[in-house]
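A short write-up of the structure that comes next.
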Amino acid sequence: MDYKKELCQLLSEKTSLSADEIEHLLETPPALEMGDFALPCFKLARILRKAPARIAENIHASLNDLPHWLDKVQIAGGYLNFYLDRPHYAKDMLSSVAAAGERYGASQEGAGRNIVIDYSSINIAKPFHIGHLSTTVIGNSLYKIFNFLGYHSVGINHLGDWGTQFGKLIVAYKHWGKHDTVEKGSIHAMLDLYVKFHHAAKEDVSLDEEARAWFKKIEDGDPEALSLFAWFKELTLKKVSRIYDLLDVKFDSYAGESFYNDKMQPVIEELEAKHLLEESNGAKVVRLDEYDLPPCLILKSDGATLYATRDLAAAFYRKKTYDFYKCLYVVAYQQNLHFRQLFKVIERMGYPWAKDMEHVAFGMVSMADGTISTREGRVIFLEDVIQAAIEKTHRLIEEKNPDLANKEETARDIGVGALVYKTLSANRIKDIVFDLDRILNFDGETGPYMQYTHARALSLLRRGGEEALKEEPDYTALSSPQAFSVVRLIAGFPEAIQKAAEKYEPYLITRHITELAQAFNKFYYDIRIIDENASATAARLSLAKATATVIKIGLALLGIRAPERM
RNA sequence: GCGUCUGUAGCUCAGUUGGAUAGAGCAACGGCCUUCUAAGCCGUGUGUCCGGGGUUCGAAUCCCUGCAGGCGCGCCA
């Protein structure tokens, strides 16, 4: 049952306010000792023309017989504080977790709705570096969150597989590359060639001309150019699939820029037909003056298409193919203006679904000594970071738990978990300065801490045994502040998922399970969980079980695995 | 210059959409393993919540203004 709603109903009967108005006013007190719900009476003072404390007193007096689930009501200044009956509430919450299992917090609110999520979207022939981590991990988490809420997520890796850089790469390969070196070195070798090209092109401008010519050959379907292009693409995808496997990230589609090559002409024609396309300095643009936005460039003066042209084609294709409820672009905030323009153009074309498109922006990643630059070869490979985290975990396992059964898998889960947790620990919009030492510190609010707490709770259950849980639990054993804090956080978990989905902010889940883990660890130390009292032990173990379940679900929604032992 | 985002403890960040004494983690120092996993727990200290006005019973939160920084502003993506 929904205690908040029940309380609002009760209060609306005692006041002149509706249940909705009460719900809007009701809040959670800052400390556990102040109760579970609070009604600040200050706003009512004006309406009722009485002092807040007086209003609180009046309401308090009218509540003569409390419902069984309410323990007490107290007046504190202008506040009216409500205390739930702890054993009753604990029993109710733990029963619902036990009943729902790993579906606790799930819903069917999104049934029949598709959510298209554009994330990761890597560039072919370029390294998968730390700058790609946010989009990959945020997108993956949203994918899982929406599926959990009953939506059907469609994950799209919008590959950057078009553009003059492929001409450059071919030129570099023809001048300095060897087949075996590239085949073996894959992205590293291609990056070397790319960097070499940029250095050489500074001296010799004819190289740029050559690169443009080779790209033209790709466009024209020249067999040699096409086969090289296909080869670069194949090598890249093979290489990155290993990283995606490590991160446990999957996509439903890899339709990228080249895929939309033959789908732009109809869009251009439609823009023409709707008289939205204007000539400006030889180029074709859609004016957005009335929205205080600069014009959106659709065609270059040489008639070539642009980023926006391709994104328009992609948007129409996605609407037609998936009939999306929302289409999310998990892309860094640099492209803020681009997406505002893109959505406006679609709106001006007369499509109301333009409002269903959202730019889920996130902050930039930089290195301690400056920005990432692929051209300069200033990059940190994601694979190296993941390896470092896994190795660190191996060392810790040897030190702390050398007899662990599946060390490889566990080290992977924890190392990757540390990295993913860090990426999803703060508001998306925050910039991140990449700090390997910080990622490799597994103390405090970290992925390993979550996993450790989960494993610790499971360890208790193994020790207590299944029969311990069969005992009739005595929920009064969960009335202590330590235990009840855990109960409340478990109860608040479904709402955290809702908020995370609503705001496209996975960190709300990260924060919630972090608080849960902290509360559980305090409970664990202050209170003996398994003791001679079988019914109290049963209650405490069911709390441990629910904690493990919620942490596991939360981590799964972030894209982190929860090992059973560590 | 214009637009946009950010500014909270030494560092990284929360802050229930305007509420009760502004909270966590890291880093530092001290304590706790013959008892349920010490990747843990407890304790110690620090704040002009960027500055200045305003609205309000009440402001880190809302409005105005200034400052600092990031990002963006036509033929790259």
Side-chain angles (χ1 to χ4, degrees), chain A residues 24-31 34 38 40 42-43 45-46 51-52 76-79 81 121 123 160 162-165 257 280-285 292-308 310-311 331-338 340-341 361 363-364 366 393 396-397 399-401 414 418 422 425-427 429-433 435 437-438 441-453 455-464 492 495 499 507-508 510-511 514-515 517-518 520-522 524-531 537 540-541 544 565-566:
Chain A
H24 192 71
L25 289 172
L26 216 58
E27 57 192 45
T28 308
M34 297 171 171
F42 308 100
K43 278 179 189 143
R46 181 167 294 173
Y79 291 91
N81 291 336
S121 302
N123 293 315
W162 204 246
T164 45
Q165 72 263 29
E257 292 174 358
S280 168
N281 300 327
K284 298 270 176 101
V285 305
D292 279 326
L293 289 172
C296 181
L297 219 62
I298 303 294
L299 290 175
K300 297 203 247 183
S301 40
D302 65 359
T305 57
L306 284 147
Y307 184 42
R310 246 179 305 279
D311 264 5
V331 179
Y333 66 58
Q334 278 106 314
Q335 299 195 31
N336 207 306
L337 179 60
H338 164 73
R340 283 171 65 201
Q341 291 177 313
M364 299 209 332
S366 59
T393 313
L396 284 175
I397 289 173
E399 178 192 322
K400 294 167 189 292
N401 197 356
I414 296 171
K422 182 77 188 70
S425 62
N427 197 309
I429 209 70
K430 298 276 182 187
D431 284 335
I432 297 172
V433 176
D435 183 346
D437 290 342
R438 210 155 207 149
N441 184 346
F442 294 175
D443 298 329
E445 296 173 347
T446 64
Y449 176 75
M450 299 295 107
Q451 291 166 321
Y452 179 79
T453 309
R456 177 182 248 183
L458 290 188
S459 163
L460 279 169
L461 293 168
R462 280 193 297 270
R463 200 168 275 269
E495 195 183 334
K499 282 245 166 71
Y507 91 93
L508 292 170
T510 312
R511 284 233 64 82
T514 302
E515 282 174 30
Q518 286 169 331
F520 181 78
N521 282 318
K522 281 189 176 71
Y524 180 93
Y525 268 87
D526 286 355
I527 291 162
R528 180 78 200 172
I529 291 166
I530 299 167
D531 67 10
T537 297
R540 290 187 293 254
L541 281 178
R565 295 169 205 256
M566 62 187 273

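The chains referred to below are lettered A, B, ... by the order of the sequence lines, with proteins before strands, and numbering in each begins at 1. Side-chain atoms are counted along with the backbone in the values below, which use heavy atoms only and exclude waters and symmetry mates.
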Sugar-phosphate, base or nothing in reach of [X], heavy atoms under 4.0 Å:
| X | result |
| --- | --- |
| A:Ile429 | sugar-phosphate |
| A:Asp311 | nothing |
| A:Pro29 | base |
| A:Glu515 | nothing |

- Please check the phosphate of B:C5 (OP1 and OP2 only) for any side-chain N or O of A:Lys430 closer than 4.0 Å.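 No, because none of the side-chain N or O atoms of A:Lys430 sits under 4.0 Å from OP1 or OP2 of B:C5.
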- Task: Determine, for nucleotides 26-32 of chain B in 5'-to-3' order, which nucleotides have protein heavy atoms under 4.0 Å from the base (write B), from only the sugar-phosphate (write S), or from neither (write -).
- Result: SS-----
Protein-nucleic acid N or O pairs under 3.5 Å, nucleotides 72-75 of chain B:
residue, atom, partner, partner atom, Å
B:G74, O6, A:Ser280, OG, 2.5
B:C75, O2, A:Ser301, N, 2.7
B:C75, O2, A:Ser301, OG, 3.3
B:C75, N3, A:Ser301, OG, 3.4
B:C75, N4, A:Asn281, O, 2.6

Work out how far the [atom1] atom of [N] is from that of [M], and round it to whole angstrom.
| N | M | atom1 | answer |
| --- | --- | --- | --- |
| B:A68 | B:C29 | C1' | 34 Å |
| B:U46 | B:U8 | C1' | 13 Å |
| B:C76 | B:A24 | C1' | 42 Å |

- A:Phe520: partners by ring-ring contact (aromatic ring centres under 6.0 Å, His included), with sequence neighbours left out: A:Phe523
- Message: Would you say that more than 12 heavy atoms from the other residues, nucleotides or ligands in this model lie under 6.0 Å from the CD of A:Glu495, or not?
- Response: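 No, because the 6.0 Å sphere around CD of A:Glu495 holds 12 heavy atoms or fewer from other groups.
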